[in-house]
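Down below is the structure, laid out as structure tokens.
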Amino acid sequence: MNAAATTSLSRRFCVAPMMEWTDRHCRFFHRLLTRRALLYTEMLTTAAILRGDRQRLLGFDAFEHPVALQLGGSDPQALAQSARIGAEFGYAEINLNVGCPSDRVQEGRFGACLMIEPALVADCVAAMKAAVEIPVTVKCRIGVDDQDPAEALFSFATAVKAVGTDALIVHARKAWLKGLSPRENREVPPLDYEIVHRLKAAHPDLEIVINGGIATLEQAQAQLAHVDGVMMGRTAYQEPWRLLAVDPLLFGEAASFASAQDVALELMPYIEREMAKGVRLNSITRHVLGLFRAVPGARAFRRHLATEAVKPGAGASVMADALAQMVNSAKDLSNIAA
């Protein structure tokens, strides 16, 4: 199991938990781009953790720190037990998902449908807080279906604050449990940043992180005038080059690397190490397709990885060949796979 995080936990900038995207390979890659962002796992259900292969589900590289575990569930004791297991694995935070609107989540009585049961969510948070010493946080929507956000969000925040939640991460849209697909729920309901700002003003002692539709670091910086932190989702994944500016712009610290090219070179030893364990190349390279933007060779880099990394038997040389189309002639390629 991994040692506990040694980096101080800050939620000033977070990369959102995203199903089928923010797996351990994605997080390792993102950590190369920013030392300071708080990273999140994909949502894992309590049933999966309590009954499944925990090392496969929860294992991660200590380099990913700080990294938080997001849980899905609604049974306080199952959540407490899962949180305890997550803490033992070395996660820096436990986050409860009260925002996902998928049918599968609703059938399991967790995710966004819990917005209508704030007392139950409070019981869940209290149980997890009693089980672990690391922070316990909640990620929610501003309301669901016909709820009035001005009432639903504020009463929800009051309930989880009363039991000691360490932070509330608010996706600033409603979730429509009927009539919209999960993808539509990320785009169709209008954003309402102002209500999240009002929530923070009403609860100055509760850490509030805003999420939803934030596409640039400049937008993130503007939000920090109103809330404690910003969570970026799809843009961080699809345009990861933006993450190189997180540390300088939002934390006043030097970037991890001078360029995206340097990041790609640094990823090569990880690729080789993971492939030696039996990991397929595409499991890693699928996360890096958007690393380069508006530079010569970017399109060729994406095309080569997209077509070659998925082939049976694809090796690290595929990444090296793609990268060779991007790296400046001054770069030394002798240290990457031939």
Side-chain angles (χ1 to χ4, degrees), residues 11-22 37-43 68 70-72 93-106 110-118 121 125 136-157 159-161 165-200 202-203 206-216 219-220 222-224 226-238:
R11 300 180 188 87
R12 185 171 173 84
F13 183 86
C14 314
V15 177
M18 291 173 281
M19 293 296 293
E20 300 183 356
W21 285 7
T22 51
L38 177 58
L39 307 180
Y40 283 76
T41 68
E42 305 169 87
M43 181 188 69
Q70 187 181 66
L71 296 177
E93 172 188 305
I94 304 297
N95 176 260
L96 178 62
N97 184 318
V98 188
C100 181
S102 76
D103 292 340
R104 182 176 67 87
V105 164
Q106 292 180 56
F110 54 94
C113 64
L114 290 176
M115 287 293 298
I116 62 177
E117 298 187 77
V121 175
V125 172
V136 174
T137 65
V138 176
K139 187 173 189 289
C140 68
R141 295 287 187 123
I142 64 173
V144 296
D145 296 338
D146 293 323
Q147 282 185 322
D148 177 2
E151 179 180 338
L153 177 62
F154 281 70
S155 61
F156 183 88
V160 297
K161 177 183 176 181
T165 189
D166 292 279
L168 185 61
I169 303 163
V170 185
H171 185 158
R173 306 180 196 266
K174 269 190 173 185
W176 288 93
L177 303 180
K178 298 178 181 178
L180 291 181
S181 69
R183 179 176 180 178
E184 289 170 331
N185 262 301
R186 292 191 294 267
E187 300 171 350
V188 174
L191 287 161
D192 188 351
Y193 294 142
E194 193 270 339
I195 198 170
V196 184
H197 300 166
R198 284 197 283 125
L199 181 69
K200 176 59 188 177
H203 296 279
L206 176 61
E207 187 170 356
I208 303 289
V209 178
I210 199 165
N211 171 231
I214 296 165
T216 70
Q219 292 173 0
Q223 287 291 339
L224 291 171
H226 306 282
V227 293
D228 302 293
V230 175
M231 177 175 276
M232 181 181 283
R234 284 170 291 165
T235 295
Y237 185 87
Q238 294 167 348

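Residues take their numbers from the sequence shown, with the count starting at 1. What you see is a predicted model, and the numbers here were worked out from it, not measured in a lab.
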Problem set entry | Donor-acceptor contact below 3.5 Å, side chain Q147 vs main chain G143 | no
For this session: Starting from the C-alpha separation in whole Å, work towards a yes-or-no answer on side chain to side chain contact (heavy atoms under 4.5 Å, CB included) for L224 and V230.
Result: CA-CA 7 Å; L224 291 171; V230 175; 3.9 Å; yes
For this session: Mind checking the CZ-CG spacing from R11 to D166? Nearest 0.5 Å is all I need.
Result: 6.0 Å
Exercise. Do the rings of H226 and H197 sit parallel, tilted or perpendicular, given the 30° and 60° boundaries?
Worked result: parallel
Exercise. Between R173 and P189, is there a donor-acceptor pair closer than 3.5 Å when you use the side chain of the first and the backbone of the second?
Worked result: yes
Exercise. Could you state the interatomic distance from CE (M115) to CG (L153), rounded to the nearest 0.5 Å?
Worked result: 6.0 Å
Exercise. Can a donor-acceptor pair be found between the side chains of T137 and N95 at a distance below 3.5 Å?
Worked result: yes
For this session: With salt bridge (Lys or Arg N to Asp or Glu O under 4.0 Å) as the test, would you mind laying out the steps for D228 and K200 before giving the verdict?
Result: CA-CA 8 Å; D228 302 293; K200 176 59 188 177; 2.8 Å; yes
Exercise. Atom NZ of K139 and atom NE2 of H171: how far apart are they, to the nearest 0.5 Å?
Worked result: 6.5 Å
Exercise. Going from CG on D192 to NZ on K174, what distance comes out if it is rounded to the nearest 0.5 angstrom?
Worked result: 10.5 Å
Problem set entry | Check: Q219 side chain, I214 main-chain N or O, donor-acceptor pair, under 3.5 Å | no
Problem set entry | From E93 atom CD to Y40 atom OH, the distance as rounded to the nearest 0.5 Å | 3.5 Å
Exercise. Does L39 reach the side chain of T22, with side-chain heavy atoms less than 4.5 Å apart?
Worked result: no
Exercise. Is it true that a side-chain atom of N211 and a backbone atom of M231 form a donor plus acceptor pair closer than 3.5 Å?
Worked result: yes
Problem set entry | Closest approach of I210 to Q223 (non-hydrogen atoms, all atoms of both residues) | CD1-OE1, 3.4 Å
Exercise. Between D145 and W176, is any pair of side-chain heavy atoms under 4.5 Å apart?
Worked result: yes
For this session: Any chance you could measure M19, atom CE, to T41, atom OG1, to the nearest 0.5 Å?
Result: 9.5 Å
Problem set entry | Closest non-hydrogen atom pair between A236 and V15, with its separation | CB-CG1, 4.1 Å
Exercise. So with a 6.0 Å cut-off around CD of E194, is the heavy-atom count from everything else above 12?
Worked result: yes
Problem set entry | Minimum heavy-atom distance between L168 and C140, given as atom pair plus value | CD1-SG, 3.8 Å
Exercise. Can you name the nearest heavy-atom pair linking C14 to V209, along with the distance?
Worked result: SG-CG1, 4.5 Å
Problem set entry | Residue pair L206 / T165, side-chain heavy-atom distance below 4.5 Å | yes
Problem set entry | Distance-minimising heavy-atom pair for I142 and A152 | O-CB, 4.3 Å
Exercise. Any sub-3.5 Å donor-acceptor pair from Y237's side-chain atoms to A16's backbone N or O?
Worked result: no
For this session: Determine the minimum heavy-atom distance between I116 and P118, stating which atoms define it.
Result: C-CD, 3.3 Å
